[in-house]
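Just below is one structure, and these are the notes that go with it.
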Amino acid sequence: MTHTDFIPYGRQSINEDDIAAVVKSLRSDFLTQGPCVSEFEQAIADKVGANYGVAANSATSALHLACLALGVKENDRVWTSPNTFIASANCARYCGASVDFVDIDPRTYNMCPEKLAERLHQAKQNNTLPNVVIPVHFAGQSCDMEAIHKLSKEYGFHIIEDASHAIGAKYQGDYVGNGTFSDICVFSFHPVKIITSAEGGMAITNDEQLAKHMKKHSQQGITKSPDELTQMPGDWYYEQHTLGFNYRMTELQAALGLSQLSRLDDFITERHQQFARYSDLLKDFPITLPFQKDGRNSSLHLFPILLPKHHKASRKAIFDALRQANIGTQIHYIPVHTQPYYQALGFKKGDFPIAEDYYQRTLSLPLFVGLTQEQQHRVVNVLRQALADHGVLA
Ligand SMILES: *Cc1c(COP(=O)(O)O)cnc(C)c1O
C-alpha cells in the first residue's frame with residue numbers, strides 16, 4: 001500500500017479460510033438449497049442466543065419477511081428511525097403499510113424512546129397507533145430496547161430490530177438478537193457490514209410460527225412438510241400455500257457467512273481497537289465523537305464524527321477534501337423522510353429536526369477490519385488539515 005491508496009469507509013475482510021469455504025461449497029453437490037444454509041441459520045441463532053434463524057438473500061428481504069410474518073398489511077402503520085438506510089422503511093411499504101418516523105436521540109443517533117413515548121401517547125388519542133416499530137441499532141450500538149419493549153406492552157405493537165449494523169453487539173450483557181425485547185431481529189451480511197456473505201441477511205426469532213412463516217415466504221410460499229400438506233400423492237409433491245418470493249440465500253453465501261461467523265469475535269475486537277485509536281487521536285479536536293452509552297457493547301460498524309453546529313456549512317468542503325485525499329468518507333444517513341419517494345408521500349424537510357441537523361454535520365471515518373494504524377494516522381492528518389483549512393480547527 002502506498003500513502004495515496006484509496007481507503008474506503010468500510011469493506012470486507014476475506015482470508016484464505018473464507019475462500020476455501022466457498023470453494024468447498026462450489027465443489028459440493030449443492031449450490032443452493034443444500035446443507036450450508038440451515039447450518040448458517042442455526043449457527044447465527046446459537047451465537048446470539050435465539051431459537052431460529054431464517055436466511056435471506058439480503059437484510060432488505062429479511063425485513064420484508066419479518067413484516068409479513070407479523071401480519072403487516074395494507075393501511076397498517078409501521079414506525080422507524082429517520083436516521084437509517086431506506087430499507088428499514090421500505091419493508092413496510094412493500095406490505096402496503098404507511099410509514100412514519102420517530103426522531104433520534106442527539107447523542108446516540110438512535111430512535112429516541114422519550115419521543116417514541118410522546119408520539120404513542122398522541123397516536124392513541126387519534127387511533128393511529130403503529131402495528132410494528134422498527135428500531136435501528138445505528139452504527140452497531142443497541143437502541144434502548146428495554147424502554148421500547150415496555151412501550152410495546154403498553155401500546156400493543158410488535159418490534160422488529162433492524163440490527164443490520166449490530167451482529168456481535170451486546171445490550172445489557174446479552175447479544176443483540178436474543179429476542180428478549182423484540183419479536184424478530186434482522187442482520188445484514190452486505191460486505192460493508194460486520195460479517196459478510198457477499199449479499200445476504202437473516203431474520204432471527206424465538207417464535208416457531210414466525211420462523212416457519214418467514215421460511216415459507218422466502219421460498220415462494222411452498223411447503224413440503226408432511227404435517228402441512230393437504231394430500232400426499234407421491235414424493236414429487238409440494239404445495240404452495242401463500243404468495244411468497246424467491247428470497248433464498250445460496251450455499252456459497254452461507255458457506256462464506258459461516259466462515260466469517262467464526263471470525264466475528266476477532267472482528268469486533270479489532271473494531272474496538274481502531275475505535276480507541278481514533279478516540280485518542282481525535283480527543284482534542286473540536287468535533288463530537290461517537291458516544292457509547294453504558295450497558296451497550298457496540299459492534300462499531302461506523303465511526304461517525306459530528307461538526308459543531310456553527311460549522312455545519314463546512315461539512316461539504318471537509319467531505320470533499322477527504323475524498324480528494326483518497327479517503328472514502330461517507331454520510332450516514334440522509335434522513336429517509338427527505339428522500340423524494342417519501343416526500344411524495346407527504347413528508348417534509350423539518351419533520352424530524354434532530355435527524356436532519358445530525359445529517360448536515362456528520363461524516364463517517366473509515367473503520368473496518370484490516371485498516372492499519374498508519375492508515376488511521378493518515379485519515380486523522382487529512383482531517384486535521386481539512387478542519388484547519390475551513391476554520392473548524394484554529
Ligand atoms: C445495510 C442495511 C440494510 C439493508 O441490508 P441489505 O443486506 O443490503 O439488504 C438495512 N438496514 C440498515 C440499517 C442497513 O444498514
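Just so you know, ligand 1 is whichever comes first in the structure, and atom 1 is the first atom listed for that ligand.
Residue D162 holds the heavy atom nearest to atom 11 (N) of ligand 1 of all those in T196, D162, N57, T60. Within the set E199, K193, H301, the minimum heavy-atom distance to atom 1 (C) of ligand 1 is found for K193.
Not a single heavy atom of A62 lies less than 4.0 angstrom from ligand 1. Residue contacts with ligand 1 leave out G201, since none of its heavy atoms falls under 4.0 Å from the ligand.
No donor-acceptor pair closer than 3.5 Å links the side chain of Y155 to the backbone N or O of K150.
Here's the thing with H165: one of its N/O atoms is less than 3.5 angstrom from an N/O atom of ligand 1. Between Y333 and ligand 1, a contact under 3.5 Å exists for at least one N or O pair.
Distances below 4.0 Å separate heavy atoms of G200 from the following atoms of ligand 1: 7 (O). Atoms of ligand 1 lying under 4.0 Å from at least one heavy atom of S88, given by number and element, are 11 (N). Ligand-side atoms of ligand 1 in range of V136: 13 (C), range being under 4.0 angstrom from any heavy atom. The distance from ligand 1 to the heavy atoms of T84 drops below 4.0 Å at these ligand atoms: 13 (C). Below 4.0 Å from some heavy atom of F85 lie the following atoms of ligand 1, by number and element: 2 (C), 3 (C), 4 (C), 12 (C), 14 (C).
Between Y109 and H332, the distance separating the two ring centers is not shorter than 6.0 angstrom. A centroid separation of 6.0 Å or more is found between the aromatic rings of Y333 and Y359. Ring to ring, F101 and F347 are close: their centroids are under 6.0 angstrom apart.
A salt bridge links D265 and K47; the closest N-O separation between the charged side-chain nitrogens and carboxylate oxygens is under 4.0 Å.
Using a 30° and 60° split on the angle between ring planes, H165 and H301 fall in the tilted class, from 30° to 60°. Between F187 and F189, the ring planes are tilted. Angles from 30° to 60° get that label.
In A59, the parts holding a heavy atom less than 4.0 Å from any atom of ligand 1 are both the side chain and the backbone.
Closest protein heavy atom to atom 10 (C) of ligand 1: S164 OG, 3.3 Å.
Around OH of Y237, the count of heavy atoms belonging to other residues, nucleotides or ligands within 6.0 Å exceeds 12.
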Using a 3.5 Å cut-off and no angle test, enumerate the donor-acceptor pairs between side-chain atoms of residues 281-288 and protein atoms at least two apart in sequence or in another chain.
residue: K283; atom: NZ; partner: D280; partner atom: OD1; Å: 3.2

